[in-house]
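If you read the sequence from its start, that first residue is 1, and numbering goes on from there.
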Amino acid sequence: MEKIGFIGMGNMAKAIAAGMIGKQLIAGEKVYAYAPHFDKLQKNAQEIGFVPCENIHELVEAADTLVMACKPYQIEGVLDEIRDQLGGKALLSIAAGWDYKKYEPLVAKSTRIQFVMPNTPAMVGEGVLLFEKTNSLRDEERRQIKDIFSALGLIVELPSHLMGIGSALAGCGPAFIDLVIEALGDAGVKYGVPRAQVYAMVSQMILGSAKLQLETGEHPGVLKDNVCSPAGTTIRGVNALERAGLRAAFLDAIDSIMEG
């Protein structure tokens, strides 16, 4: 992979481009992007350091690896426009639902495909990036791409049939945790803590709790038990959450996504 081009420059594409350029995984002059609003694209290019392209054909011509970062509903129209130019190039899709099987009949056989599903924390380098095992990238090409995406967080490789649940957990999960942050924040405000301070406290608590689990490898139940003293305050709070059906609510949330 010598030059990479982004088709679309929304928040996720900006995060990926900024991560790879900022960490010097690829030079800015080898990163290209096209988006319909050229003025906005130029501003992003000045901020991040990539090369803006005035039209999509210029972009595809310049890059050997393309990242499909536009809205899912736009992809078929984009492919109709550039299909002939994609021959012999690598195409990475970060659009929800657009996996290997969906692309395969829509592009030339010489177009190499990889579906990657990032989540929003990738914007701060703490994301989860799901790589579909089924792909047609060359081995060395895939290694390079994984090295670049690793700047944005944890890479997890999943078989095609598990990409859906992976996306539900890692992709939708941040919204669920944001609800938790907001709810605990409201509790803090109720008892007098200023909102900015309580959000900082709660977010750091969640970050620290997650890091503790990752670094120790302990079962979450063990870590929970370590905080719960006999007849203590924490176990009373845990009991209240259990009565309210916290576990069932999270399971139901995932079920609603998977069954929808």
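- Within the 3.5 Å criterion, the main-chain N or O of V128 finds a donor-acceptor partner in the side chain of N119.
- A side-chain donor-acceptor contact under 3.5 Å links E141 to the backbone of R138.
- Checked against the 6.0 Å centroid threshold, F115 and W98 do not count as a close aromatic pair.
- Put simply, CG on L41 and CD on Q46 are 10.5 Å apart, with the number rounded to the nearest 0.5 Å.
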Practice problem: Please step through side chain to side chain contact (heavy atoms under 4.5 Å, CB included) for the pair I4 and K30, ending with a clear verdict. | Solution: CA-CA 6 Å; I4 190 166; K30 294 184 177 181; over 6 Å; no

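- Between L241 and R247 there is no side-chain heavy-atom pair separated by less than 4.5 Å.
- You'll find the side chain of V180 reaches within 4.5 Å of the side chain of L184, heavy atoms only.
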Practice problem: List the steps, then state whether side chain to side chain contact (heavy atoms under 4.5 Å, CB included) holds for T216 with V222. | Solution: CA-CA 11 Å; T216 64; V222 172; over 6 Å; no

Exercise. Show your reasoning for whether side chain to side chain contact (heavy atoms under 4.5 Å, CB included) applies to V202 and E182.
Key: CA-CA 9 Å; V202 171; E182 185 180 25; over 6 Å; no

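- Atom-to-atom distance recorded for L91:CG and L86:CG is 6.0 Å, nearest 0.5 angstrom.
- When all heavy atoms of Q114 and L137 are compared, the pair lying nearest together is CB-CD1, 3.6 Å.
- Side-chain contact check for S167 versus C172: every heavy-atom pair is 4.5 Å or farther apart.
- For the pair E58 (side chain) and E54 (backbone), a donor-acceptor distance under 3.5 Å is present.
- Panel note: side chain Q74, backbone K71; a donor-acceptor pair is recorded below 3.5 Å.
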Exercise. Would you sort out whether L158 and K133 count as a side chain to side chain contact (heavy atoms under 4.5 Å, CB included), showing the intermediate values?
Key: CA-CA 6 Å; L158 290 176; K133 278 188 177 180; 5.9 Å; no

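- Ion pairing of E157 with R142 is present here, as a side-chain N (NZ or NE/NH1/NH2) and a carboxylate O approach within less than 4.0 Å.
- Annotation: side chain of I254 is in contact with side chain of F176 (closest heavy-atom distance under 4.5 Å).
- Summarising the geometry of Q42 relative to P52, their closest heavy-atom pair is CG-CG, 4.4 Å, with the distance given to 0.1 Å.
- Atoms CD1 and OG, on I235 and S229 in that order, are 9.5 Å from each other to the nearest 0.5 Å.
- Atoms CD1 and CE, from I16 and M9 in turn, are 8.5 Å apart once rounded to the nearest 0.5 Å.
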Exercise. Report the C-alpha distance between S93 and Y103 in whole Å, list the side-chain angles of each, state the deciding distance to 0.1 Å, and finish with yes or no for side chain to side chain donor-acceptor pair (under 3.5 Å).
Key: CA-CA 9 Å; S93 175; Y103 273 103; 3.0 Å; yes

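- Interatomic distance, CG of L154 versus CD of E126, reported as 10.0 Å (0.5 Å rounding).
- Contact check for N11 versus M123: side-chain heavy atoms found under the 4.5 Å cut-off.
- In terms of hydrophobic clustering, with Ile, Leu, Val, Met, Phe, Trp and Tyr side chains grouped at heavy-atom distances under 4.5 Å, I206 and V198 are assigned to a common cluster.
- Cluster membership check: V67 does not share its hydrophobic cluster with V78, using side-chain heavy-atom separations under 4.5 Å among Ile, Leu, Val, Met, Phe, Trp and Tyr.
- When atom types are taken as modelled, the side chain of Q85 and the backbone of H57 share a donor-acceptor pair closer than 3.5 angstrom.
- Nearest heavy atom pair, residue L59 against residue A33, reads CD1-N, 3.5 Å.
- A ring-centre distance under 6.0 Å is not found for F50 and F6.
- Remark: side-chain polar atoms of S256 are paired, donor with acceptor, to backbone N or O of A253 under 3.5 angstrom.
- The main-chain N or O of V107 is never found under 3.5 Å from a side-chain atom of T111 such that the two would form a donor-acceptor pair.
- Shortest non-hydrogen contact noted between A95 and P72 is CB-CG, 4.2 Å.
- Separation of atoms OG1 (T134) and CD1 (I113) is listed at 11.0 Å; rounding is to 0.5 Å.
- Between I165 and I257 the shortest side-chain heavy-atom distance does not fall below 4.5 Å.
- Residue-environment remark: CG (D80) exceeds the threshold of 12 foreign heavy atoms within 6.0 Å.
- The closest side-chain heavy-atom distance from V193 to V189 is not below 4.5 Å.
- Between M12 and A122, the shortest heavy-atom contact is SD-CB, 4.1 Å.
- Cluster annotation: Y34 is not connected to V31 through the hydrophobic network of ILVMFWY side chains, with a link wherever side-chain heavy atoms come within less than 4.5 Å.
- T234 places no side-chain N or O within donor-acceptor distance of the main-chain N or O of C228, the cut-off being under 3.5 Å.
- For the pair K23 (side chain) and A151 (backbone), a donor-acceptor distance under 3.5 Å is present.
- Side chain of K89 to backbone of V60: a donor-acceptor contact under 3.5 angstrom is found.
- Connection of I26 to I94 is established within a shared hydrophobic cluster, with ILVMFWY side chains joined at heavy-atom distances below 4.5 Å, either directly or through further cluster members.
- Checked for salt-bridge contact, R143 and E140 meet the test: a charged N lies under 4.0 Å from a carboxylate O.
- There is a path of hydrophobic side-chain contacts, each under 4.5 Å, that joins I75 to Y100.
- Among all heavy-atom pairs drawn from E132 and S160, the shortest one is OE2-OG, 2.6 Å.
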